[in-house]
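Below is one structure; the comments refer to it alone.
This chain uses plain numbering: 1 for the first residue, then up along the sequence.
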Amino acid sequence: MSGDPRHKFDWFYLGNPLGEAQAFLLDAPPAGTVGCCGIGRRTLHIDGRAVRGGLLADFAVARDHRTLLPALMLQRALSEYARREFDVTYAFPNESAVGVLTRVGFSHLGRMGRYVRVLRSAPFVSRYIRPRALAAVAGRAVDTFLTIDAHRRSLRSRDVHLEWLDDVDDRFDDLWRRAHAQYACIGDRSQEFLRWRLMTRPGLGCAIAALVERGGSLAAYAAVIEKQPGVALIADFFAERSIHLQGLFARLFPALRRRGFNTAVTFFLGSDAVADTLRSSGFVFRHSTKFVVIAPGQSAVVQPGALTDDQRWFVTEADRDN
């Protein structure tokens, strides 16, 4: 973890507007604490109903105790608590942890896909064209063509425009109310959640690129974070319709180039329709990344069969705890 871990504790465990998260510690006397895991609160919308969601986080075991038993003890305690307290619990384990979670009752939903859009082609063109000055000219030509092609296939320029925002506002609530029903399973994207999750997150700052209609209403947004120099991480995106998402990206990519970014990256798990929109907007699927696992609670509010079809879901980096 970069930065002071206490900052994440204050934000994730104490600052969530839905309530405090819970931390579980595993002690092994006389060594002391040798493992931990946590669970935070989220609101999920499943088939039109708002339900209590639990997000597993910070699963770690000290190197000298990385056998199956300590991991199972932690996850069994956490999963028993989660089944009582939440209607749905989900997690993003790595390859080392996914087996433990499936062993304690979680089902495999899928894996996040990593999508990449090159914003400056010159560094890649220079691999094939010499000298460097000629590669720079060719790269700019490629970038211009891609920008024009994206605009041609998106909304007309006079209908919408791109605005950079330092904070979220009431228009995000309006967009959420209008648009979230198109996805059967989706985490809350209200103004309150987005401000906590993206704008008050410790460490790196977040800028919101908003697609605004002529009357001032919000049609789509993308949350941009620079975790690596020159790489624009689109941590979340949401739109009223697919054409608005295309229009957002068509205007966002040139704006990111002007801000000095070379590449845009986003992560998504969900319907093929959204994945197709990402690809038609210029993103290229590179590979699968984090696993996503899920489990229903004891409340029986959500049936297990409603959870495990990834085509029903809309999941981005904003649904994680990072």
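Under a 3.5 Å cut-off, the side chain of Arg312 and the backbone N or O of Ala306 do form a donor-acceptor pair. Judged by distance alone, with hydrogens and angles left aside, the side-chain atoms of Arg251 form a donor-acceptor pair with the main-chain N or O of Gly247 at under 3.5 Å. Side-chain atoms of Arg114 never come within 3.5 Å of backbone atoms of Val265 as a donor-acceptor pair (strictly under, hydrogens ignored). A donor-acceptor pair under 3.5 Å is formed between the side chain of Arg189 and the backbone N or O of Gly187. Distance alone, capped at 3.5 Å, places no donor-acceptor pair between the His65 side chain and the Val61 backbone. Checking side-chain atoms of Asp87 against main-chain N and O of Gly53 turns up no donor-acceptor pair under 3.5 Å.
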Cut-off 3.5 Å, no hydrogens considered: what does the side-chain donor-acceptor table look like for residues 93-102, sequence neighbours left out?
| residue | atom | partner | partner atom | Å |
| --- | --- | --- | --- | --- |
| Asn94 | OD1 | Ser96 | N | 3.0 |
| Asn94 | OD1 | Ala97 | N | 3.0 |
| Thr102 | OG1 | Val98 | O | 3.2 |
| Thr102 | OG1 | Gly99 | O | 2.9 |

Could you list the donor-acceptor pairs under 3.5 angstrom formed between side-chain atoms of residues 267-277 and any protein atom two or more places apart in sequence or on another chain?
| residue | atom | partner | partner atom | Å |
| --- | --- | --- | --- | --- |
| Ser271 | OG | Val274 | N | 3.4 |
| Asp272 | OD1 | Gln311 | NE2 | 3.1 |
| Asp276 | OD1 | Arg279 | NH2 | 2.7 |
| Thr277 | OG1 | Ala273 | O | 3.0 |

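Tyr221 and Phe172 have their aromatic ring centers within a separation under 6.0 angstrom. Remark: aromatic rings of Phe283 and Phe253 are close, center separation under 6.0 Å.
Taking the salt bridge (Lys or Arg N to Asp or Glu O under 4.0 Å) definition, one finds that Glu240 meets it with Arg178, sequence neighbours left out.
Using a 3.5 Å distance cut-off with no hydrogens or angles, the side chains of Asp236 and Thr316 do pair a donor with an acceptor. Arg120 and Asn262 form a side-chain donor-acceptor contact under 3.5 Å, judged by distance and modelled atom types alone. Between His180 and Gln182, the side chains place no donor N or O within less than 3.5 Å of an acceptor N or O (distance only, hydrogens not considered). Side-chain contact, Gln191 with Asp170: a donor N or O sits under 3.5 Å from an acceptor N or O.
Annotation: cation-pi geometry not satisfied between Arg52 and Phe86 (NZ/CZ under 6.0 angstrom from ring centroid, within 45° of ring axis).
Asp188 has no carboxylate O lying under 4.0 Å from a charged side-chain N of Arg42, or vice versa, which leaves the two without a salt bridge. In this structure, Asp319 does not pair ionically with Arg197, as no charged nitrogen and carboxylate oxygen lie closer than 4.0 Å. A salt bridge links Lys8 with Asp321; the closest basic N to acidic carboxylate O contact falls under 4.0 Å. Look at Asp174 and Arg171 and you find no salt bridge, because none of the NZ, NE, NH1 or NH2 atoms lies under 4.0 Å from a carboxylate O.
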I would like to know whether Asp27 and Thr33 meet side-chain hydrogen bond (donor to acceptor under 3.5 Å, both in side chains); could you show each step before the answer?
-> CA-CA 4 Å; Asp27 287 340; Thr33 300; 2.8 Å; yes
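Summarising the local packing, CE of Met73 is surrounded by 12 or fewer heavy atoms from other residues, nucleotides or ligands at distances under 6.0 Å.
Between Leu307 and Ala295 the shortest heavy-atom distance is CD1-C, 4.3 Å. Taking each heavy atom of Phe106 and Thr89 in turn, the nearest pair found is CE2-O, 3.6 Å.
Residues Trp313 and Val301 fall within the same hydrophobic cluster, defined by Ile, Leu, Val, Met, Phe, Trp and Tyr side chains chained together at heavy-atom separations under 4.5 Å.
Counting heavy atoms from C-beta on, the side chains of Leu256 and Arg117 never come closer than 4.5 Å. Contact annotation: the side chain of Leu218 never approaches that of Glu213 to less than 4.5 Å [non-hydrogen atoms, C-beta and beyond].
Taking the six-membered ring where the residue is Trp, Phe314 and Phe238 present perpendicular rings, their angle passing 60° and hence far from 30°.
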